[in-house]
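Heads up, the thing below is written out as structure tokens.
Below, chain A is the first sequence line, B the second, and so on; all start at residue 1.
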Amino acid sequence: MHELSITMSIISLVEEQASLYKTSKVKSIELEIGSQSGVDAQSLIFLLENSIKGTVMEQSRINISIIEAERICRCCGNIYKCSKDSPCCPQCSSYHTEMLKGTELNLKAITIE
Amino acid sequence: MCQNSTSEHSHKHEIELDRNILHSNEEIAGKVKGFLEARNILALNIMSSPGAGKTTILEKTISYLKEKVRVSVIEGDQQTLNDGRRIAACGVPVIQINTGGGCHLEADMVYSGLRTLDPASNSLLFIENVGNLVCPALFNLGEQIKTVVISLPEGDDKPLKYPAMFIHSDLCLINKTDLAPYLNSSVEKLKDNLLKVNHHLKIFEMSATENAGIGEWCDWLLDRQLKNLSSMHFHEDENFTISLLESPHKEFDAQAL
């Protein structure tokens, strides 16, 4: 249940920004979650919805974009979307690959009034 | 606090942030890293499912290493002093952190643990995380080496099923290899799957209860640390006790849900 820690981190980041911009109302927040980040977006939404009461996020829309895992193959240079079943390169079947995208855990933006 | 909202203009205003959600954990992990660097301490974050054998590996590792280098341990568990006691019995300084409901260690816990533990310069520090193959992977603790332990009975396809932990790790210890004859999973297949997920992983095979393979990994650790040691002499007559730190996150539980 690390999503709870992540929920609390998001709320505290947003509150920090709200106080910086002297607002008590955050209209929406944009999150970016990598598909290999180890964070479950559904759990995160559930926890956020149940934790924002009494915070500047109480009325916020929560928008989450999932970033698909992307790898580059060291053998043939192919850049590909990584399937859930196997991280191997679909072009040359090599496993000598590096992660390019998919571990993101970012607060991209907030909209205030 | 002033509330200026109401009348005039209520136009929306977007603020680009692009901030890591775990920013505050990363900041404290940076402090831990600085602390460790200043004392020339090599720290390993040891992670695994519950029951993979982390504590047994540490017991055997300590008994192999403690004549050669100073070792200290931070133990993370939800409850009990059990593991802390086992490590204390090995004769090295240990701090037990109980996370309560928490499923992983975070950098602030390690930072306060370190300040109490006050580990010696030029030493090795093992941070045994809460048994969990998912959550601990996301939280940097300021360690230099993320180590995942996987035991053979867990199945040789675990790296494919729980990739995040293996993607984030630098080192993998395959434990309980002595059970191979009784299992369907094979060490070779497990290694193959580990490297499929992360071909940078350094892998050691061992059976901690049989004390097999411990020497090889300990020698590798010494190699990493010994070159930095300015002095190999230390006193061994200290009496070590366990201290317990309650997780600072309990207040979060109460506040959140």
Item to check | Which atoms of A:I29 approach chain B - backbone, side chain, both or neither, heavy atom under 4.5 Å | outcome: neither
Next on the checklist: A:N106 vs B:I21, test: side-chain contact (heavy atoms from CB on, under 4.5 Å). Steps then yes/no.
Outcome noted: CA-CA 5 Å; A:N106 294 325; B:I21 291 169; 5.5 Å; no
Checklist entry - Which atom pair, heavy atoms only, marks the closest approach of A:S5 to B:E106? => result OG-OE2, 2.7 Å
Checklist outcome for this item: Tightest non-hydrogen contact, residues A:L105 and B:L22, listed as CD1-CD1, 3.8 Å
Checklist outcome for this item: Looking only at B:N198, B:L160, B:V197, most heavy-atom pairs under 4.5 Å shared with chain A are made by B:V197
Next on the checklist: Please classify the contact of A:S28 with chain B as side chain, backbone, both or neither, using a heavy-atom distance under 4.5 Å.
Outcome noted: neither
Item to check | Side-chain heavy atoms of A:L13 within contact of B:R19, under 4.5 Å | outcome: yes
Next on the checklist: Given heavy-atom pairs under 4.5 angstrom as the criterion, report whether the side chain, backbone, both or neither of A:E104 touches chain B.
Outcome noted: neither
Checklist entry - B:F126: what forms a ring-ring contact (aromatic ring centres under 6.0 Å, His included) with it, not counting sequence neighbours? => result none
Checklist entry - In terms of heavy-atom proximity below 4.5 Å to chain B, should A:I110 be classed as side chain, backbone, both, or neither? => result both
Checklist outcome for this item: Shortest non-hydrogen pair, A:G38 vs B:A164, comes out as CA-CB, 4.3 Å
Next on the checklist: Please rank B:E16, B:H200, B:K196 by heavy-atom pairs under 4.5 Å with chain A and give me the top one.
Outcome noted: B:K196
Checklist entry - Going through the checks in order, is the side-chain contact (heavy atoms from CB on, under 4.5 Å) test met by B:I15 and A:Y21? => result CA-CA 10 Å; B:I15 304 160; A:Y21 285 89; 3.5 Å; yes
Checklist outcome for this item: For A:H96, the ring-ring contact (aromatic ring centres under 6.0 Å, His included) test, sequence neighbours excluded, returns B:H199
Next on the checklist: Would B:I167 and A:Q36 count as a side-chain contact (heavy atoms from CB on, under 4.5 Å) here? Give the steps.
Outcome noted: CA-CA 9 Å; B:I167 288 170; A:Q36 297 282 324; 3.5 Å; yes
Next on the checklist: Please classify the contact between B:F139 and chain A as side chain, backbone, both or neither, with a heavy-atom cut-off of under 4.5 Å.
Outcome noted: side chain
Checklist entry - At their closest point, which heavy atom of A:H2 faces which heavy atom of B:C135, and how far apart are they? => result ND1-SG, 2.9 Å
Next on the checklist: Any carboxylate oxygen within less than 4.0 angstrom of a Lys/Arg side-chain nitrogen, looking at B:E14 and A:K27?
Outcome noted: no
Next on the checklist: Less than 4.5 Å to any heavy atom of chain B: does that hold for the side chain of A:L31, its backbone, both, or neither?
Outcome noted: side chain
